[in-house]
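Chain letters run A, B, ... following the sequence lines, proteins first, then strands; residues in each count from 1.
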Protein chains: 2
Amino acid sequence: MDKYVQILKEHGLKVTPQRLEILRYLDMHKVHPTADIIYSELKKSNPSLSKTTVYNTLQHLGEHGLVYSLTISGSELRFDSNINQHHHFLCKTCGSIIDIDIECPNAKKVEAGGHRIDEVHGYFKGVCASCLKKLKNGDD
Amino acid sequence: MDKYVQILKEHGLKVTPQRLEILRYLDMHKVHPTADIIYSELKKSNPSLSKTTVYNTLQHLGEHGLVYSLTISGSELRFDSNINQHHHFLCKTCGSIIDIDIECPNAKKVEAGGHRIDEVHGYFKGVCASCLKKLKNGDD
DNA sequence: CTGTTATGTTGTAACGATTACAATCTAGGG
DNA sequence: CCCTAGATTGTAATCGTTACAACATAACAG
């Protein structure tokens, strides 16, 4: 059975072509796409796709822990199918979002304060290594 | 000289009544207000205040490091005049945003990767201690 | 395989936060 | 006191997202 069919069934979600495509897209394009990017890309092969379906599906997948949404870029949500805890770096020069494979060691302290943590978001903003290099060369 | 006048002058910003009011509001209300909340509150004493001015001013203050903007709640920006590095906790039950006074020990690792970090955002989402207590009592 | 029904999908319209823009005003230096 | 760059205002536009109602389909029972 298809990997994505299985994932949906395991979570008690109905299996529809749209959901399979969105799941697969996220799994194959780990670049934190926006809902609109997902919509535009999938519309190419499925012209009747509706933007509402993309939003609904992303929300459902999120509720079942299958995707994770980032607010790092401010105006729009971005989606990530990497469920393992990790941080993100937003380059203010090139706009790319880089995965940073670290966990937050502070979470335990917060839980010690009596709060229950469901999500941990670690964002860094600045200029990435590759843009810094370009800037330096330009200044010569 | 007024504290806020001084802050603006130090950063080479023109001193206007609107900027002073916004700075003072943020300093006196450390609850991470949205631009709209700031606008509504200040409009009471200054009915000609424009929402555009609030947005512009917040952006300018941000560029000069005088305020810090949070994307923790998703659909809207929230502003914080506490410039010291700290994290935030969003309670999904009561919606309040709690300051968590910890620094990120991972930043150095990211810088070791060659990136330049300008901002560090640490967000936790879950249910706060006070809401957890209420929930427990309700279940008895 | 077929009918039924709850659930998913679609398209359009509405919404809320933010930004663009042009006209007017004002802070601050000469 | 005047001039000018820069700030403020109000309106209109934009963007991402959500609401809603009509229609379509997955999954299950028979």
Please list, in 5' to 3' order, the outermost nucleotides of DNA chain C lying under 4.0 Å from any heavy atom of chain A. dA6(C) to dT12(C)
Is any side-chain heavy atom of Cys128(A) closer than 4.5 Å to a side-chain heavy atom of Cys94(A)? yes
Evaluate the side-chain proximity of Tyr25(A) to Ile37(A): yes if any heavy-atom separation is below 4.5 Å, no if none is. yes
Using the C1' atoms of the five pairs at each end, what is the angle between the end axes of the helix from dC1(C)-dG30(D) to dG30(C)-dC1(D), to 10°? 30°
With sequence neighbours excluded, what pairs up with Thr53(A) under the side chain to side chain contact (heavy atoms under 4.5 Å, CB included) test? Gln18(A), Leu49(A), Ser50(A), Thr57(A)
Do any N or O atoms from the side chain of His121(A) and from the backbone of Tyr123(B) form a donor-acceptor pair under 3.5 angstrom? no
Please state how far atom CG in Leu61(B) lies from atom P in dA7(D), giving the value in whole angstrom units. 11 Å
Report the residues that fulfil side chain to side chain contact (heavy atoms under 4.5 Å, CB included) with Ile117(A), sequence neighbours left out, ordered by chain and then residue number. Ala107(A), Val110(A), Glu111(A), Val120(A), Phe89(B), Phe124(B)
Sequence neighbours left out, what pairs pass salt bridge (Lys or Arg N to Asp or Glu O under 4.0 Å) with at least one residue falling in residues 120-130 of chain B? none
For the side chain of Asn106(A) and the backbone of Glu103(B), is there at least one donor-acceptor N/O pair under 3.5 Å apart? yes
Any side-chain heavy-atom pair from Leu61(B) and Leu8(B) closer than 4.5 angstrom? yes
Which residues pass the side chain to side chain donor-acceptor pair (under 3.5 Å) test with His88(B), not counting sequence neighbours? Asp80(B), His86(B), Asp99(B)
The criterion is side chain to side chain donor-acceptor pair (under 3.5 Å); which residues satisfy it with Gln59(A), sequence neighbours excluded? Glu63(A)
Could you tell me whether the side chains of Arg78(B) and Ser69(B) share a donor-acceptor contact shorter than 3.5 Å? no
Donor-acceptor pair, side chain of Thr71(A) and main chain of Gly74(A), under 3.5 angstrom: no
Contact between Leu26(B) and Ile38(B) at the side-chain level, heavy atoms closer than 4.5 Å - yes or no? yes
Which whole-number value in Å describes the distance from His11(B) NE2 to dA7(D) P? 15 Å
Check the interface with nucleotides 14-18 of chain D: list each N/O to N/O pair with the protein under 3.5 Å, or write none.
residue : atom : partner  : partner atom : Å
dT17(D) : OP1  : Leu77(A) : N            : 2.8
dT17(D) : OP2  : Tyr55(A) : OH           : 2.6
dT17(D) : O5'  : Tyr55(A) : OH           : 3.4

Please enumerate all residues that pass ring-ring contact (aromatic ring centres under 6.0 Å, His included) together with Tyr55(B), with sequence neighbours excluded. none
For Lys44(B), what residues pass the side chain to side chain donor-acceptor pair (under 3.5 Å) criterion, not counting sequence neighbours? Glu41(B)
Please work out which residues in residues 87-98 of chain B have a non-hydrogen atom less than 4.0 Å from an atom of DNA chain C and list them by number. none
Can you check each nucleotide of nucleotides 23-30 of chain D against protein heavy atoms at under 4.0 Å and return B for base, S for sugar-phosphate only, - for none, in 5' to 3' order? ---BS---
